[in-house]
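What follows is one structure encoded as structure tokens, with my remarks underneath.
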Amino acid sequence: MFLSNLIGFTCSWTPEASLNKVLLFAGDPKADLAYERQYEQQTYHVIPEVIKNFLQYFHKTISDLIDQKVYELQSNRVSSESIEQKIYEIQDVYENSWNKLTDRFFKTSPWPEAEGIASLVGNDAVFLILYKELYYRHIYAKVSMHQLYDNMWLKPAPFPPQFQSFSQYRCKTAKKSEEEIEFLRNNPKIWNVHSVLNVLHSLVDKSNINRQLEVYTSGGDPESVAGEYGRHSLYKMLGYFSLVGLLRLHSLLGDYYQAIKVLENIELNKKSMYSRVPECQITTYYYVGFAYLMMRRYQDAIRVFANILLYIQRTRNMFQRSTYKYEMINKQNEQMHGLLAIALTMYPMRIDESIHTQLREKYGDKMLRMQKGDLQVFEELFSFACPKFLSPVVPNYDNVHPNYHKEPFQQQLKVFAEEVQQQAQLSTIRSFLKLYTTMPVAKLAGFLDMSEQEFRIQLLVFKHKMKNLVWTSGISALDGEFQSASEVDFYIDKDMIHIADTKVARRYGDFFIRQIHKFEEVSRFTKFKTAVEL
């Protein structure tokens, strides 16, 4: 159990070790040969002495920790301070030393292969699993795509992202040689979408994670239904991460209903034992929020984005020492701010003051332009913040458009732009409605340079678009009730429009309390600094 937890701690959400058994990557024979030659050169290449010393120290620290834990379990002792100290040492090596040595020796190239350093660590299988995870994570994060395909690495660390990368690579035919295209044409089943889905669903079924989540949510013991494999922490988390992988994959394919459907047993609105990995948690909320946005469930999208951005804001210091985590989280943080700006423009509602302040600083000007109906700004923000969509279909290499790889994105952008255009007049109508309590329909239509019939149609559009399916309770994120959180409401009686302001009064008390807390923190810090200087 402890060993599984240790592996779970070091492997954020890419279970490469187990996927290795079920994934096969068929590559270009010439690239495979080049890879083997490079591997042979790398195997016999002299590893710098500082790297040897680091790996031996890293291995010794982990081995000592496991040995100490086993000894304490066998002698029925509680966890000692030495255990805590060793865990701290491992975390320091993992988050600091590894990144520093990477920047110094392997900034644009991979670390030595696991087989090449196995003798340095006594062929320790447990340590080599951890090392391979770090090795492939570094390749995916730092090594260029060109090097990725040159190396033809056999064990993809982040499984869904690797499938995504290959799908985009396969569809980009402009710079490919005839030989390369011929190979892809003759091997259409490489990274077939059905095979990818089968692997993820197999891991879900093997771990029995859905049944475990059902029992856990109802207050029962998940172990009672875990089965032979699911009771192991490693398989349990593999199953959970596979659900997140399915969420991501269905979102990339544009099936937003199914994307959220696979998480029907995960209670997103409640912190649980399964949300222990921050990177996984943030990725989950990003894709769930985006799916809500594309399903026109704006209120749910705003709630999801606001909650996770507040979480990132409060825990950002956790990630600053770990380069790859910080880069990934910072990118998704920026993307979610962009998506939140879009959602709030299309469906104005109150959110946390600190998030709203950040949003104004980042996208204040763009939000004003979007409120005026500037479609170009909508498209720019969407292009920046959306995931990289992909097509599950292998292209017809005999007649393929040079921009074929962009078609999935263009299709989703078209759907989004159509929705924006349908709501183009709503922001202006909303601003006029806020100014009056009663007004003849014909007169208000004249202010907007519309005919009375056209204006009535736009009022119906307003009513329709401002009424969303909103999650209120239950486990499934697809559940909900139709609600309207619009700041204005109205009804038409004959030729008169009657308007009611439904805007909730600003909660000044919360604002002042937050400012008082900030002032107290500044005051304590000032006193401490003064005492130190004295």
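Side chains are part of it too, since the values below use all heavy atoms of this structure and drop only hydrogens, waters and symmetry mates.
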**Q.** Closest non-hydrogen atom pair between Asn468 and Gln299, with its separation
**A.** OD1-N, 3.7 Å
Q: List the steps, then state whether side-chain contact (heavy atoms from CB on, under 4.5 Å) holds for Leu243 with Asn210.
A: CA-CA 9 Å; Leu243 290 176; Asn210 276 321; 3.9 Å; yes
Q | Side chain Asn187, main chain Phe183, donor-acceptor under 3.5 Å | A | yes
Q: To the nearest 0.5 Å, tell me how far Ile260 CD1 sits from Trp471 CH2.
A: 13.0 Å
Q: Verify side-chain contact (heavy atoms from CB on, under 4.5 Å) between Phe58 and Ser97, making sure each step is shown before the conclusion.
A: CA-CA 10 Å; Phe58 196 5; Ser97 302; over 6 Å; no
Q: Return yes if some donor-acceptor pair links the side-chain N/O of Ser251 with the main-chain N/O of Leu247 below 3.5 Å, else return no.
A: yes
Q) Can you tell me if Asn198 uses its side chain to pair, donor with acceptor, with the backbone of His194 under 3.5 Å? A) no
(Q) Are the side chains of Met349 and Tyr347 in contact, using a 4.5 Å heavy-atom criterion? (A) yes
(Q) Please find the pair of heavy atoms, one from Val204 and one from Gly239, that lie closest to each other, and give the distance. (A) CG2-O, 3.8 Å
Q.
Ile51 vs Phe106, test: side-chain contact (heavy atoms from CB on, under 4.5 Å). Steps then yes/no.
A. CA-CA 11 Å; Ile51 299 298; Phe106 309 107; 3.8 Å; yes
Q.
Counting C-beta onward and ignoring hydrogens, is there a side-chain heavy-atom pair between Leu203 and Ser207 closer than 4.5 Å?
A. no
Q. Is there side-chain contact between Arg296 and Met346, with heavy atoms separated by less than 4.5 Å?
A. no
Q: To the nearest 0.5 Å, tell me how far Trp191 CH2 sits from Ser165 OG.
A: 9.5 Å
Q. Any side-chain donor-acceptor pair under 3.5 Å between Asn186 and Glu182?
A. yes
**Q.** Donor-acceptor contact present, side-chain Asn265 to main-chain Glu214, <3.5 Å
**A.** no
Q) Looking at side-chain heavy atoms only, is the closest gap between Leu344 and Tyr298 below 4.5 Å? A) no
Q. Is it true that Lys331 and Glu334 have a side-chain N and a carboxylate O under 4.0 angstrom from each other?
A. no
Q: Side-chain contact test, heavy atoms from C-beta onward, threshold under 4.5 Å: evaluate it for Tyr311 versus Ile282 and give yes or no.
A: yes
Q. How far does CD1 of Ile351 sit from CG of Leu359, to the nearest 0.5 angstrom?
A. 5.5 Å
Q. Are the side chain of Ser218 and the backbone N or O of Val215 linked by a donor-acceptor pair below 3.5 Å?
A. yes
Q. Is a side-chain donor-acceptor pair under 3.5 Å present for Ser391 with Glu407?
A. no
(Q) Leu309 and side chain to side chain contact (heavy atoms under 4.5 Å, CB included): which single residue from His337, Gln332, Arg314 fits? (A) His337
Q) Thinking salt bridges, do Lys100 and Asp103 make one under a 4.0 Å N-O criterion? A) no
Q: To the nearest 0.5 Å, tell me how far Gln212 CD sits from Lys236 NZ.
A: 5.0 Å
(Q) Any heavy-atom pair between the side chains of Ile355 and Phe305 that's under 4.5 Å? (A) no
Q: Return the minimal non-hydrogen interatomic distance between Gly254 and Gln412, and the atom names on each side.
A: CA-NE2, 3.9 Å
Q: Please identify each residue that fulfils ring-ring contact (aromatic ring centres under 6.0 Å, His included) with Trp98, with sequence neighbours left out.
A: Trp111
Q) If you look at every heavy atom in Ile302 and Ala343, which pair is closest and at what distance? A) CG1-CB, 3.6 Å
Q) If we only count heavy atoms from C-beta on, is the Lys60 to Leu55 side-chain gap below 4.5 Å? A) no
Q. Where do Ala301 and Leu293 come nearest, in terms of heavy atoms and distance?
A. CB-N, 3.8 Å
Q. Do Glu113 and Lys132 meet the salt-bridge criterion of a basic N to acidic O distance under 4.0 Å?
A. no
Q. Pro112 and Ile117: which non-hydrogen atoms are nearest, and at how many Å?
A. CB-CG2, 3.8 Å
Q) Quick one: NE2 on His250 to CG on Leu263, what's the gap to the nearest 0.5 Å? A) 10.0 Å
(Q) If only side-chain N and O atoms count, and only distance matters, is there a donor-acceptor pair under 3.5 Å linking Gln164 with Tyr169? (A) no
**Q.** Check: Arg297 side chain, Leu469 main-chain N or O, donor-acceptor pair, under 3.5 Å
**A.** yes
Q.
Between Arg170 and His405, is there a side-chain heavy-atom distance shorter than 4.5 Å?
A. no
Q: Examine distances only and state if a side-chain atom of Asp255 and a backbone atom of Gln258 form a donor-acceptor pair shorter than 3.5 Å.
A: yes
(Q) Nearest 0.5 angstrom please: Cys386 SG to Gln335 CD, how far? (A) 8.0 Å
Q: Go through the steps to decide whether Leu253 and Val193 satisfy the test side-chain contact (heavy atoms from CB on, under 4.5 Å), and finish with yes or no.
A: CA-CA 10 Å; Leu253 295 172; Val193 67; 4.1 Å; yes
Q | Polar side-chain atom of Asn333 near backbone of Ile312 as donor-acceptor pair, under 3.5 Å | A | no
Q. Considering residues at least two apart in sequence or located in another chain, which fulfil the ring-ring contact (aromatic ring centres under 6.0 Å, His included) criterion with His59?
A. Phe127
Q: Could you point out which residue of Leu390, Leu252, Asn192 forms a side chain to side chain contact (heavy atoms under 4.5 Å, CB included) with Phe163?
A: Leu390
